[in-house]
**Student:** 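Here's a structure for you.
Every chain is numbered from 1, with letters handed out A, B, ... down the list of sequences. Remember, it's a predicted structure, so these values are computed and weren't measured experimentally.
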Protein chains: 2
Amino acid sequence: MSIGSQQTGLTALRSSNRAVVIQALRRAGEVSRAELSRSTGLSGTTISSLVSELSASGVITETARDDRGSGRTGRPGRLIRLAPTNELVAGIDLAGSEIQLAIADLSGRICAQASTPADIDGAGMEALSRAADLLDRTIVDFDLDRTQMRYVVIGIAGIVDTMDGRVVVSDRMHGWQDFNPAEWFLERTSFATRVENDADLAALGERARGAGRGVMDMVFVKISAGIGAGLVLSGQLYRGRHGAAGEIGHVQAREDGEICSCGNRGCLETIASVNSALQSLRAVHPGARTARDLADLVESGDRAAMRVVADAGLAVGRAIADLCNTLAPEIIVLGGEMTMSPTPLVDAVSSSILRYTRPHIGSRIKVAATTLGTQSCVLGAVELATDSVSSFAD
Amino acid sequence: MSIGSQQTGLTALRSSNRAVVIQALRRAGEVSRAELSRSTGLSGTTISSLVSELSASGVITETARDDRGSGRTGRPGRLIRLAPTNELVAGIDLAGSEIQLAIADLSGRICAQASTPADIDGAGMEALSRAADLLDRTIVDFDLDRTQMRYVVIGIAGIVDTMDGRVVVSDRMHGWQDFNPAEWFLERTSFATRVENDADLAALGERARGAGRGVMDMVFVKISAGIGAGLVLSGQLYRGRHGAAGEIGHVQAREDGEICSCGNRGCLETIASVNSALQSLRAVHPGARTARDLADLVESGDRAAMRVVADAGLAVGRAIADLCNTLAPEIIVLGGEMTMSPTPLVDAVSSSILRYTRPHIGSRIKVAATTLGTQSCVLGAVELATDSVSSFAD
DNA sequence: CTGTGTTTCTTCGGGACCCGAAGAAACGCA
DNA sequence: TGCGTTTCTTCGGGTCCCGAAGAAACACAG
């Protein structure tokens with residue numbers, strides 16, 4: 001219930017309340033006006049007024065009489081929900097081993113999902129172009145109206161400056177330094193676009209629909225080819241100066257470790273990423289190539305594979321422990337390809353956190369694996385897109 | 001310009017705007033209505049109305065005609081400022097080698113300052129009691145009205161649960177586990193009281209009046225007997241779950257270091273605190289007892305002393321580097337007794353940060369020494385007290 | 001000294017907003 | 001069928017912010 005700092009006055013208050021109602025509806029799904037009044041604290045009168053206004057503009061619909069079983073006395077309410085509007089938003093995950101796409105309407109309903117292989121490591125432009133193709137194609141395939149697309153959010157493996165949308169650094173997309181992918185995507189597709197760090201988006205996704213629902217302070221750690229973190233602090237995504245927060249992969253984990261691509265020595269990524277885990281594993285299983293291979297071996301009870309996962313978890317937990325000491329979050333959510341073997345990973349991270357934090361801190365921090373799997377980033381992108389569009393609120 | 005989430009409606013909007021005006025006045029000191037209107041975005045009409053209301057209730061006063069030189073055409077404005085109200089707040093620093101006290105009125109003017117030795121390490125109740133005595137005495141000495149005291153904020157070296165005000169843990173105040181000092185202080189003095197972590201308060205102080213003015217993301221690191229951090233993220237104090245954020249002193253800095261009081265090994269505190277620095281120094285200068293001794297030696301160009309400070313700075317910088325990777329703040333402000341030798345400390349911390357972070361991150365982070373010296377905590381406490389009281393705003 | 005332009009601040013009226021009270025509607029239950 | 005209960009709308013009142021217009025105070029030019 002905060003008023004945008006530029007606006008002021010009565011109409012701003014109205015917008016603010018409108019946003020509150022929409023937020024409440026997104027959380028609840030389907031509620032009566034009376035419940036809405038109770039959950040927002042606004043009077044029934046105001047809710048009625050807002051609802052009829054929003055209903056007239058097509059943002060919400062009145063579905064049916066409330067059938068919440070029987071036994072409840074009193075007149076049943078009429079249920080309200082966000083209308084399956086024509087307006088669309090899209091989320092794209094450009095950071096994984098395949099390009100993922102999800103299209104949703106403003107009510108949060110996913111209308112379409114698609115993906116395409118992304119065996120184009122380092123070729124950023126190629127990936128971006130393929131993503132645009134995929135988006136175009138999917139819109140046609142699912143018979144959606146192209147003119148209704150309002151906003152696209154793209155997640156990439158790299159740091160994106162929050163201010164000007166430029167890529168500050170990306171290990172994966174070579175030559176993207178100072179490049180503005182959002183601008184390029186806008187020109188290519190004509191869609192308003194925003195680019196964010198993939199781990200940041202995944203954090204948003206997990207908080208909205210995954211393991212971090214309702215949590216105020218949470219750290220999401222993605223362990224895939226690289227390692228990155230997304231921070232939700234005081235209920236909001238924390239990006240840091242120039243969006244550079246969460247670069248946990250380059251915390252030094254071993255004084256005398258290998259040289260990392262970043263120029264330092266012993267970065268966490270050189271020890272605990274999926275790539276380095278597979279490299280270790282190949283000493284015993286020369287055929288192990290993918291995260292899937294590793295997970296299969298773990299599932300079959302292979303000791304070496306389990307050890308590799310545990311080692312990665314211990315190293316990550318060691319780094320996270322420092323983070324826990326400093327931030328004291330409520331929960332750590334683990335994601336990325338390494339979570340194909342969730343149990344040993346979570347156990348290892350937990351024990352490491354307990355070992356390296358003060359007891360009163362470590363014992364209060366939950367550790368959990370993603371519940372959205374490889375979709376946390378796309379879904380987070382969709383979430384952010386929906387939010388951005390409906391906070392302009394007409 | 002955010003509305004408190006419990007209230008709603010027109011009066012909430014009014015309160016919100018009132019708070020905006022008060023905040024603007026606190027920042028600006030003395031401005032005309034017209035300037036106020038421009039800086040807040042509220043219309044001149046509204047400003048006029050708010051000003052006359054606040055003026056009637058005695059919160060602000062109209063001082064004089066605007067004498068901002070000449071050469072300016074047009075009717076001069078009438079200057080407004082926060083009235084040197086009778087209402088008082090107090091800040092107390094219980095974490096240092098002496099107990100410090102500052103009393104201010106709601107306009108932010110410091111009315112009285114005092115301090116008393118605190119050579120009572122570990123005796124928490126004794127310290128708290130002495131602080132109450134000091135407060136009582138100072139009120140009398142400066143001829144202040146005891147009944148006008150509205151709020152007291154106390155900083156202690158320990159973690160305070162934000163919710164219930166209880167001490168979660170304090171290395172310094174033995175037996176304070178689960179104790180609620182604010183309650184005790186209220187009963188002893190009859191003043192509404194709040195207890196916070198000292199580094200958190202110091203961070204607020206530096207941000208309001210010190211090296212971090214106007215900064216949105218800042219990390220304050222206090223290096224004294226212990227080491228602690230205070231985090232200001234997105235412009236607001238970040239406390240973490242149960243207020244446990246900022247426990248940087250117990251990040252493991254050396255795998256095979258000494259056992260720390262917290263039960264782990266090689267904590268930063270065992271390496272870089274003033275106590276451990278002095279211990280190292282005594283190998284060469286057996287007489288060195290206090291931070292002052294160390295600083296004097298550094299000033300006289302003593303190599304061993306400079307080395308000790310540099311070593312501490314390097315270790316702290318090493319730990320901060322991980323924090324920079326994760327949070328990407330704008331500035332690191334160093335405080336505590338170790339900053340009696342600011343230059344070698346800042347240099348060491350800087351070089352360590354540059355060494356252990358990725359270049360695009362480390363090179364953008366400023367490192368600075370406190371500009372408030374040993375007063376950052378008290379002044380931060382006063383700041384928080386003033387804020388808390390005037391946001392209730394009558 | 002007198003106009004003119006400029007800036008500041010107040011007054012007045014209009015419009016927007018939220019809320020409480022009262023009433024109509026829909027349901028369960030006796 | 002009547003009563004209690006809950007939901008939702010309507011109506012009137014009060015509060016709030018804003019734009020326009022006007023009064024006031026000053027610099028400056030003639």
**Student:** Partners of A:S55 by side-chain contact (heavy atoms from CB on, under 4.5 Å), sequence neighbours excluded?
**Tutor:** A:I60
**Student:** Provide, to the nearest angstrom, the distance between the CG atom belonging to B:L13 and the P atom belonging to C:dC19.
**Tutor:** 12 Å
**Student:** Give the rounded distance in Å between these two atoms: CD of A:E62 and C1' of C:dA26.
**Tutor:** 14 Å
**Student:** Please report the distance, rounded to the nearest Å, between CD1 in A:I80 and C1' in D:dC8.
**Tutor:** 10 Å
**Student:** Starting at CG of B:L50 and ending at C1' of C:dC9, how long is that distance when rounded to a whole Å?
**Tutor:** 14 Å
**Student:** With a cut-off of less than 4.0 Å, is there a side-chain N or O of A:T46 near OP1 or OP2 of C:dC18?
**Tutor:** no
**Student:** Taking only Lys NZ, Arg NE, NH1 and NH2, and the carboxylate oxygens of Asp or Glu, determine whether A:R213 and A:E206 approach each other closer than 4.0 Å.
**Tutor:** no
**Student:** Carefully, step by step, assess A:S49 and A:T46 under the rule side chain to side chain donor-acceptor pair (under 3.5 Å).
**Tutor:** CA-CA 5 Å; A:S49 143; A:T46 306; over 6 Å; no
**Student:** Between B:Y238 (side chain) and A:L327 (backbone), is there a donor-acceptor pair under 3.5 Å?
**Tutor:** yes
**Student:** Report the nucleotide, chosen from D:dC8, C:dA26, C:dA16, that has the shortest atom-to-atom distance to any side-chain atom of A:A34.
**Tutor:** D:dC8
**Student:** Ignoring the backbone of B:R38, work out which of C:dT8, C:dC17, D:dC18 is nearest its side chain.
**Tutor:** C:dT8
**Student:** A:E35 CD to D:dT5 P: how many Å, rounded?
**Tutor:** 19 Å
**Student:** Quick one: which of D:dC16, D:dC18, C:dG20 gets closest to the side chain of B:T11?
**Tutor:** D:dC16
**Student:** What is the separation between atom CZ on A:R78 and atom C1' on C:dA25, rounded to the nearest whole Å?
**Tutor:** 10 Å
**Student:** Starting at atom CZ of A:R75, determine the distance to atom P of C:dG23, rounded to an integer number of angstrom.
**Tutor:** 17 Å
**Student:** Given D:dC8, C:dC9, C:dA26, which nucleotide is nearest the side-chain atoms of B:R33?
**Tutor:** C:dC9
**Student:** Is the shortest side-chain N/O distance from A:N17 to OP1 or OP2 of C:dC18 below 4.0 Å?
**Tutor:** yes
**Student:** Run the side-chain contact (heavy atoms from CB on, under 4.5 Å) test against B:D164 and tell me which residues pass, sequence neighbours left out.
**Tutor:** B:D161, B:R166
**Student:** Whether B:R14 contacts D:dC17 is assessed here as follows: a side-chain N or O lying under 4.0 Å from the phosphate OP1 or OP2. Is that the case?
**Tutor:** yes
**Student:** Report yes or no: is there a donor-acceptor pair, N or O only, under 3.5 Å between the side chain of A:T45 and the base of C:dG20?
**Tutor:** yes
**Student:** Rounded to the nearest Å, what distance is computed from the CD atom of residue A:E53 to the C1' atom of nucleotide C:dC18?
**Tutor:** 14 Å
